[in-house]
Colleague: 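Just passing along the structure, written as structure tokens.
One-based numbering along the sequence shown. Computation of the quantities below employed the complete heavy-atom set of this structure, encompassing side-chain atoms and omitting hydrogens, waters and symmetry-equivalent molecules.
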Amino acid sequence: MTWFFLFFFVSGFCGILYEIVWLRLAMAQFGVTTALVSIVLSMFMAGLGVGSWASGWLTRKYRDRAINVWLKLYAATELLIGCSALIVPFQLQWGRLLLEKTGVPSSGVYYVGSGIWIALALVPWCACMGATIPLGMAAIRNTHQKESSTCFSYLYLANVIGATAGAVIPLFLIELYGFHRTLQIGAACNAVLGVSAFLLSKHLQSAQQPGPQGNVFVADRPRELQDWKPLVLLFCTGLTSMGTEVIWIRQFTPYLGTMVYAFAAILAIYLLSTACGSKIYRAWHKKHEQPAIIWLGLGLCTLLSLAAADPNFRLPTFLRPIVGIGPFSMVLGFITPMLVDRWSEGDPDRAGTAYAFNVAGCILGPLLAGFLLLPFVGEHWAICIFAIPWLAAGMNPRWLIPGSLTLWRKPVAYVLLLLAIQLTWVTKDFEAQFAHGIVLRDSTATIVADTSSDGSKRLLVNGVGITSLSPITKIMAHLPMASLDRPPQNALNICFGMGTTFRSLMSWGVPTTSVELVPSVPRVFSYFHPDGAQVLRSPLAHVVVDDGRRYLERTWEQFDVITIDPPPPIEAAGSGMLYSKEFYRTLTQRLRKNGILQQWLPEGDPVVRSSVARALAESFSHVRVFQYFPTWGYQFLASNGPIPYRTGPELVKHMPDAAIRDLMEWPFEKTPEQELGFVLQKEKPLSEIIAADPNAQAMRDDHPVNEYVLLRELNASRFHSDTLVAWYEHTKSP
């Protein structure tokens, strides 16, 4: 059995690795939108379900085949999965090129087209992943008959432990090697699996004793195995687990941030806790019957994230996701293999069907949570909706599994129920602390428009501060517009934020388009600017809710000025796609001759600064860069034509009166000439930015160095520690 544990450990590792990388590659090709992410994850899970059901049916149809047949089929499946690591990136790229050629204009039609292509690209390969457990069970049933009745939980445990490693280790591989080489490492692991399984099948074939082989199951099954309630429960546990995972991301983002490591931490805690629950089940089932209290415990544990995400509960940041996610995932890790084991009794066909039901719930859960519950009822009541049915049914487990003991007369049941009621009514969402602000929710995010105690207005997206009312956001518009060698005809703003840059572009009296990813953000424009509603009513204003990069790839319109102000921090997940050479290649096609790109770069480490500067220098023939304050980031102006070097007064001469008034709304200096002169004095040589790290490569989609930074930060910390030690030793020397 040890070989099978190793096989499924590595298989689980590769599966999560592919999910992480394929999701990111799909985002680069089709857009960073919630709908797109949901499509990718749904197709991934759909493939797992189809493969699990189909391979289970195959093992039943040909159940008399010897073990070496199933191992060889498992080996072939692993080799196919390895091939997918190399083929899927090209499939996704072909899909984007095909959609571009069709000229699909509308987002709805585009999502249908991209969804169909993603399904064609992912489902067959993910079906191979889903097929592995029934095939492994079919191989086990003839060699380890004593363990075969619970072999699903054994393989499930190995798979989940491997998946936990797959949620963490690829972060370091991507930082070192990029996405495609990380996929190649995964493909090599699958190849080793396939070869090892094939060799094991040859060994077992030679060691196999003569005699009848095949089905070890009796024809007549106990009545409870004909009961479909376990399948319904597996569907519901899958729905609850993946639905709450979507809610967790929104609940814990204010504490963990928007970096890729935040999602990885949530996923790792979920998987590790699931593995612990499965391990407990493996030890429990040998000596005990099904614990009736487990269903009530599931409902209570679902509610723990309410307390963990409540800002009034004074918990260390690192403990919040552990408290909110760990117990719930541990209970599910106990329940899922328990239900599959008891319903299938080691039959691969029944196990495949049961797991497919669980996966079906996993597909529906994120859709229900992301597109219905979160936009309309918020995080708090969305969690409650998932928990209340388990609490109600858990008081009488006979509704769930026939033969379970009733809990009506158990005091512990009422204690758990009272705790659940208290968690429901006492806890508050993170946004509850902004009682006087505006809170809006949609399928993408929860946003808050609020005024802080010092009177400054702030915009938070999922609890993370995005921008502020600053003269720099005005300069992002006026400096490139005034630097053109001709009067501007139109402009494009990517990332709406508070709307300051968009509003400043509008002051030039030209058609202006702004692209914003979060639908609710433009709705609070008037909170930050009293004339916001009037600006939006202008026939020159056009606000598009979409991913900015995808919009540029889809439109054929050209612009005189394009301004980009990605949301901070610089390490935000997905932000690297707004700094890459591939993105700048698209931008050069959307700028008119001698048009100007304005790119804002929040402060980053030397590698990030140099990488972005190189990407711009290799994409545009002329680049200028300004740094207004030491830690406020950098403003790049880039063009394939010369950017005129004008003085402050010369720039003001090219500005209409409305633009000048807008520039001086919150100025650094007293006059517009001095205001722009202040900016021009802050120019820095591009070579100085590139020299921040001479070895850094230009930012590319395949290697977003701004997002994967942990190894660099660890090295920097070690360097600083060594420097402090050396300084301390030096001070001690005579």
Colleague: Just wondering, do Ile161 and Phe13 contact through their side chains at under 4.5 Å, heavy atoms?
Modeller: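 No; the side chains remain at least 4.5 Å from each other.
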Colleague: Nearest 0.5 angstrom please: Phe371 CZ to Thr444 OG1, how far?
Modeller: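 Taking CZ in Phe371 and OG1 in Thr444, the distance rounds to 7.5 Å.
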Colleague: Could you check whether Asn706 and Ser611, counting side-chain N and O atoms only, form a donor-acceptor pair closer than 3.5 Å?
Modeller: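 The criterion, which ignores hydrogens and geometry beyond distance, is not satisfied for Asn706 and Ser611.
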Colleague: Between Met137 and Trp70, is any pair of side-chain heavy atoms under 4.5 Å apart?
Modeller: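 No - every pair of side-chain heavy atoms lies 4.5 Å or more apart.
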Colleague: Measuring only between side-chain heavy atoms, which start at C-beta, is Thr274 closer than 4.5 Å to Leu332?
Modeller: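 Result no, sub-4.5 Å side-chain heavy-atom pair not found.
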Colleague: Tell me whether the centres of the aromatic rings in Tyr156 and Tyr281 are closer together than 6.0 Å.
Modeller: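 No, the ring centres sit 6.0 Å or more apart.
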Colleague: Find the distance between CE (Met43) and CH2 (Trp22) and round it off to the nearest 0.5 Å.
Modeller: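 The CE atom of Met43 sits 14.0 Å away from the CH2 atom of Trp22.
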Colleague: Relative to the ring of Trp53, is the ring of Trp57 parallel (under 30°), tilted (30 to 60°) or perpendicular (over 60°)?
Modeller: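 The rings of Trp57 and Trp53 lie parallel, inter-plane angle below 30°.
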Colleague: Under the 3.5 angstrom rule, does the side chain of Ser344 hit a backbone N or O of Val340 as a donor-acceptor pair?
Modeller: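 Present.
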Colleague: Which value, rounded to the nearest 0.5 Å, describes the distance between Cys189 atom SG and Gln184 atom CD?
Modeller: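 Between atom SG of Cys189 and atom CD of Gln184 there are 12.0 Å.
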Colleague: Is Ser273 reaching over with its side chain to a backbone N or O of Ile269, donor-acceptor style, under 3.5 angstrom?
Modeller: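 Checked: pair present.
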Colleague: Under a 3.5 Å distance rule, please check whether Asn715 uses its side chain to pair with a backbone N or O of Leu711 as donor and acceptor.
Modeller: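 Yes; at least one donor-acceptor contact below 3.5 Å.
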Colleague: Start with the C-alpha distance between Arg320 and Gln251, add both sets of side-chain angles, then the distance that settles side-chain contact (heavy atoms from CB on, under 4.5 Å), and finish with yes or no.
Modeller: CA-CA 10 Å; Arg320 289 186 182 273; Gln251 283 182 311; over 6 Å; no
Colleague: Kindly indicate, with the supporting measurements, whether the criterion side-chain contact (heavy atoms from CB on, under 4.5 Å) is fulfilled by Arg712 and Val705.
Modeller: CA-CA 10 Å; Arg712 296 204 307 274; Val705 297; 4.0 Å; yes
Colleague: Side chain of Asn358, backbone of Leu234: donor and acceptor closer than 3.5 Å?
Modeller: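 Yes.
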Colleague: Quick check against the 3.5 Å criterion: does Thr336 have a side-chain atom that pairs as donor or acceptor with the backbone of Gly333?
Modeller: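 Checked: no pair found.
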Colleague: In Å and rounded to the nearest 0.5 Å, what is the CD1 to SG distance from Ile81 to Cys14?
Modeller: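 SG of Cys14 is found 8.5 Å from CD1 of Ile81.
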Colleague: Could you verify whether a donor N or O on one side chain and an acceptor N or O on the other, from Trp390 and Thr302, lie under 3.5 Å apart?
Modeller: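 No pair is found: no donor N or O on one side chain lies under 3.5 Å from an acceptor on the other.
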Colleague: Taking all non-hydrogen atoms of both residues, which atom of Cys362 and which atom of Met45 are closest, and how far apart?
Modeller: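 Looks like CB-CE, 3.5 Å.
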Colleague: Applying the side-chain hydrogen bond (donor to acceptor under 3.5 Å, both in side chains) test to Arg60, which of Asp347, Asp349, Thr353 qualifies?
Modeller: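 That would be Asp349; it is the only one of Asp347, Asp349, Thr353 passing the side-chain hydrogen bond (donor to acceptor under 3.5 Å, both in side chains) with Arg60.
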Colleague: Could you pull out all residues at least two apart from Glu19 that satisfy salt bridge (Lys or Arg N to Asp or Glu O under 4.0 Å)?
Modeller: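 By the salt bridge (Lys or Arg N to Asp or Glu O under 4.0 Å) rule, Glu19 matches no residue at all.
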Colleague: Which pair of non-hydrogen atoms, one from Ser201 and one from Lys72, has the smallest distance, and what is that distance?
Modeller: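 Answer, listing the atom of Ser201 first, then Lys72: OG-CG, 3.4 Å.
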Colleague: Do Gln91 and Trp125 pair up side chain to side chain, a donor and an acceptor below 3.5 Å, judged on atom types alone?
Modeller: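 Looking only at side-chain atoms, Trp125 and Gln91 do form a donor-acceptor pair, the distance falling under 3.5 Å.
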Colleague: Side-chain contact, heavy-atom cut-off 4.5 Å: Met577 with Pro704?
Modeller: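 No, too far: nothing below the 4.5 Å cut-off.
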Colleague: Where do Pro89 and Ala85 come nearest, in terms of heavy atoms and distance?
Modeller: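 Shortest heavy-atom separation between Pro89 and Ala85 comes out as CD-O, 3.4 Å.
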Colleague: With a 4.5 Å heavy-atom cut-off, do Leu710 and Leu171 have their side chains touching?
Modeller: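 Not touching, per the 4.5 Å side-chain cut-off.
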Colleague: Aromatic ring centroids of Tyr154 and Phe5 under 6.0 Å?
Modeller: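 Ring centres of Phe5 and Tyr154 closer than 6.0 Å.
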Colleague: Ignoring hydrogens and geometry, is there a side-chain-to-backbone donor-acceptor pair from Ser575 to Ala572 under 3.5 Å?
Modeller: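 Side chain of Ser575 to backbone of Ala572, a donor-acceptor pair under 3.5 Å: yes, one is there.
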Colleague: Scan side-chain atoms only and decide if Thr258 and Asn462 contain a donor-acceptor pair under the 3.5 Å cut-off.
Modeller: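 The answer is no; no qualifying pair exists.
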Colleague: Tell me yes or no: between the side chains of Tyr18 and Asn190, is some donor less than 3.5 Å from an acceptor?
Modeller: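 Checked: Tyr18/Asn190 side chains pair up, N/O donor to acceptor below 3.5 Å.
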Colleague: For the residue pair Ala382 and Leu374, what are the closest heavy atoms and their distance?
Modeller: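 Closest approach of Ala382 to Leu374: CB-CD2, 4.5 Å.
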Colleague: Rounded to the nearest 0.5 Å, how far does OG of Ser329 lie from CD1 of Ile266?
Modeller: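 With rounding to 0.5 Å, CD1 (Ile266) is 10.5 Å from OG (Ser329).
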Colleague: Between Ser580 and Asp701, is a side chain to side chain donor-acceptor pair (under 3.5 Å) present by the stated rule, with each step listed?
Modeller: CA-CA 6 Å; Ser580 67; Asp701 285 345; 2.7 Å; yes
Colleague: May I ask you to test the Trp295-Leu233 pair for a side-chain heavy-atom distance under 4.5 Å?
Modeller: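 Side-chain contact under 4.5 Å: yes.
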Colleague: For the residue pair Leu58 and Leu73, what are the closest heavy atoms and their distance?
Modeller: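 In terms of heavy atoms, the two residues are closest at CD2-CD2, 3.6 Å.
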Colleague: What's the verdict on side-chain contact (heavy atoms from CB on, under 4.5 Å) for Leu183 and Leu86, showing C-alpha distance, side-chain angles and the deciding distance?
Modeller: CA-CA 7 Å; Leu183 285 175; Leu86 308 177; 5.6 Å; no
Colleague: So, Ser153 versus Arg282: side-chain donor-acceptor pair below 3.5 Å or not?
Modeller: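 Short answer, yes.
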Colleague: What's the spacing between Gln29 CD and Glu582 CD if we round to 0.5 Å?
Modeller: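 If I round to the nearest 0.5 Å, the distance is 9.0 Å.
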Colleague: Can you see which heavy atom on His180 is nearest to which on Leu25, and at what distance?
Modeller: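 Closest approach of His180 to Leu25: CE1-CD2, 4.1 Å.
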Colleague: Considering only heavy atoms from C-beta outward, does the side chain of Val607 approach that of Val709 to under 4.5 Å?
Modeller: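 No, their side chains stay 4.5 Å or more apart.
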Colleague: Given Phe328, which partner from the list Tyr270, Trp248, Phe386 fulfils the ring-ring contact (aromatic ring centres under 6.0 Å, His included) test?
Modeller: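 Passing option: Trp248.
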Colleague: When you measure from the side chain of Ser42 to the backbone of Ile39, do you find a donor-acceptor pair of N or O atoms at a distance under 3.5 Å?
Modeller: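 Not confirmed, Ser42 side chain does not pair with Ile39 backbone.
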Colleague: side-chain contact (heavy atoms from CB on, under 4.5 Å) between Phe263 and Glu245: does it pass, once the steps are laid out?
Modeller: CA-CA 10 Å; Phe263 175 74; Glu245 187 173 339; 4.3 Å; yes
Colleague: Contact between Phe334 and Ile294 at the side-chain level, heavy atoms closer than 4.5 Å - yes or no?
Modeller: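 The answer is yes; the side chains approach within 4.5 Å.
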Colleague: Judged by atom type as modelled, is there a donor-acceptor pair below 3.5 Å linking the side chain of Glu379 to the main-chain atoms of Ile247?
Modeller: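 Not confirmed, Glu379 side chain does not pair with Ile247 backbone.
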